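Quick notes on the structure that follows.
No experiment lies behind these values; they were computed from the predicted model shown.
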Amino acid sequence: MIHFEKFKLKNNLTVIVHEDKSTPLACINILYDVGARDEDENKTGFAHLFEHLMFGGSVNIPNYDEPLQMVGGENNAFTTNDITNYYCTVPSENIETAFWLESDRMLSLAFTEKSLEVQRSVVIEEFKQRYLNQPYGDVWLLLRPLAYNTHPYKWATIGKEISHIENATMDDVKAFFKLHYNPSTAIMVVAGDVDLENVKRLAEKWFEPIDAGIKPKRNLPKEPKQTEPRKLTVERDVPVDTIYKVYHMCSRNDKNYHTVDLISDILSRGNSSRLYNALVKDKQLFSEISAYVMGDFDEGLFVISGKLVDGVKMEDAEKSILEEIEKMKTIPVDERELQKCKNKTESSITFSETDVLNKATNLAISELLGDADLINKEIENYQNVTVSGIQQQAKELLNENNCSTLYYLKKK
């Protein structure tokens, strides 16, 4: 059980405090309710560009990293299609430094041409290195627009194309900041060796003077139901042929989410899982294979991907995956097999909660999904999954009319 207290500042900033005296550290996690799904289709990659710009210095603090390092702190951030999340960890006696730094960049980034050019170059380089010049790097640049026709999940966090970042103007950047980076769109979690009253005092001192801003209304187009298989074949300079099959599934908040997540575990979690046993060990068609859910806040994707053993035909490999899926749909999962997956999930959740930063991030995400206390219901939600629920969801989701398949072939 993760205990926490929650309050709101006058400017609408949600603050969650989790006291954990087992660590000498304190961390501040600030989650902004903005991701790649909130971008204009002709100006993508902005949420991720911002993640970089936020480290380019604010009006009063030209170098974000230096003061933090001087007090023994470290920081990082990540962007997804749903959120942008910033976090820093410091020895608890230096927590006020973190409040000072985080509040100043929420108040006002230093929008300089130099900072924009530096971070633009970094992001363009990342786009080239990670997505264009790396084996299998462009998989999601291909899969997302194959699986989504309407919803903004059809582009990756890095953006649709490099030109969108290249052409980003200072006005574009300022407008994006004003819209999405303010107390009304943020959730701040302070966790670790902290004291509730002290956190209240510091939050009021450093964050309350910031103008509340307005939380933008999100009105995203719903993805129409997929009614026929979609397929794409590409050839690339890669070591082995790979297959990717993605199925539309429910959102992270849906009552069936935990059931679908456990289906992915039954199929591929660990060396006793079905896909590993049947297709890697027994039939030796794949060198590796995995199934997982994307965990998207809106209706997301269930992914099966596998690297073929050299010489194996793609149609044989795909047929073997479909046979395993058919078993999931027609034969009820054994109660013991299901319980084993539940136990593995429970132990990984419990283990992740030993880390104060993990707890801070997960509290923020839970709050954004509706209630910070969702973090304490995760294990129960997995334990409540039933055999009949597994079979029903497998039948519903894992059919070829709901599937987009990418055949990613090595060049002959």
Could you check Arg144 against Ser404 for side chain to side chain contact (heavy atoms under 4.5 Å, CB included), going step by step and ending with a plain yes or no? CA-CA 9 Å; Arg144 282 186 175 278; Ser404 300; over 6 Å; no
Pair Phe302, Asp261 - check side chain to side chain contact (heavy atoms under 4.5 Å, CB included), show working. CA-CA 8 Å; Phe302 181 104; Asp261 194 18; over 6 Å; no
According to the interplanar angle, ranging from 0 to 90°, do the rings of Phe176 and His180 count as parallel (below 30°), tilted (30 to 60°) or perpendicular (above 60°)? tilted
May I ask you to check whether Phe46 and His164 place their ring centers less than 6.0 Å from one another? no
Cation-pi between Lys344 and Tyr382: NZ/CZ under 6.0 Å from ring centre and within 45° of the ring axis? no
Before accepting this row, confirm whether a basic side-chain N of the pair Glu39/Lys160 lies closer than 4.0 Å to the acidic partner's carboxylate O. no
Please state whether the rings of Tyr136 and Tyr408 are parallel, tilted or perpendicular, taking 30° and 60° as the class boundaries. tilted
With rounding to the nearest 0.5 angstrom, report the CG to CG distance, Leu232 to Leu146. 5.5 Å
Distance in Å, Phe177 CZ paired with Lys174 NZ, rounded so as to fall on 0.5 Å steps: 11.0 Å
Donor-acceptor pair, distance only, cut-off 3.5 Å: does the side chain of Asn11 make one with the backbone of Ile210? yes
Asn399 side chain to Asn401 backbone, donor-acceptor under 3.5 Å: yes
One should read off an interatomic distance between Asn94 CG and Trp100 CH2, to the nearest 0.5 angstrom, of 12.0 Å
Is Lys21 salt-bridged to Asp193, going by a charged N under 4.0 Å from an acidic O? yes
If you look at every heavy atom in Leu101 and Pro67, which pair is closest and at what distance? CD2-CG, 4.0 Å
Enter the distance from Leu406:CG to Thr233:OG1 here, rounded to the nearest 0.5 Å. 7.5 Å
Name the orientation class of the two ring planes belonging to Phe55 and Tyr86 (parallel below 30°, tilted from 30 to 60°, perpendicular beyond 60°). tilted
Start with the C-alpha distance between Thr84 and Leu31, add both sets of side-chain angles, then the distance that settles side chain to side chain contact (heavy atoms under 4.5 Å, CB included), and finish with yes or no. CA-CA 6 Å; Thr84 312; Leu31 182 153; over 6 Å; no
Tell me whether Lys283 is salt-bridged to Glu323, with the criterion being a basic N under 4.0 Å from an acidic carboxylate O. yes
Strictly distance-based, threshold 3.5 Å: is any side-chain N or O of Asn63 a donor or acceptor partner for the main-chain N or O of Glu66? yes
Step by step, would you call Lys6 with Glu367 a salt bridge (charged side-chain N to carboxylate O under 4.0 Å, His left out)? CA-CA 10 Å; Lys6 186 164 77 175; Glu367 177 66 17; 2.9 Å; yes
Is Asp265 salt-bridged to Lys342, cutoff N-O under 4.0 Å? no
Indicate yes or no: does Asp373 engage Lys377 in a salt bridge with an N to O separation below 4.0 Å. yes
Under 3.5 Å: donor-acceptor pair, side chain of Asn358, backbone of Asp355: no
Can Lys281 be said to sit on top of Tyr276's aromatic six-ring, NZ or CZ under 6.0 Å from centre and within 45° of the ring axis? no
So, Ser163 side chain and Glu166 main chain: donor-acceptor pair closer than 3.5 Å or not? no
Thr345 pairs by side-chain contact (heavy atoms from CB on, under 4.5 Å) with which of Leu262, Thr350, Val385? Leu262
With respect to Asp172, which candidate in Lys43, Arg120, Lys178 satisfies the salt bridge (charged side-chain N to carboxylate O under 4.0 Å, His left out) definition? Lys43
Salt bridge check, Arg274 against Glu337: does any charged N sit closer than 4.0 Å to a carboxylate O? yes
Within this structure, what is the CZ-CG distance for the pair Arg130 and Asn133, rounded to the nearest 0.5 Å? 13.0 Å
Any cation-pi pair here, Arg37 with Tyr153, using under 6.0 Å and within 45°? no
Lys/Arg-Asp/Glu bridge criterion (N-O < 4.0 Å) met for Asp82, Arg252: no
Test item: Asn253 side-chain N/O and Leu369 main-chain N/O as donor-acceptor pair under 3.5 Å: yes
Verdict with supporting geometry, Glu299 and His248, side chain to side chain contact (heavy atoms under 4.5 Å, CB included): CA-CA 7 Å; Glu299 289 172 353; His248 290 279; over 6 Å; no
Would you call Arg105 and Glu102 a salt bridge, using N to O less than 4.0 angstrom? yes
Please lay out, stage by stage, how Glu223 and Lys154 fare under the test salt bridge (charged side-chain N to carboxylate O under 4.0 Å, His left out). CA-CA 10 Å; Glu223 185 65 24; Lys154 64 184 167 179; over 6 Å; no
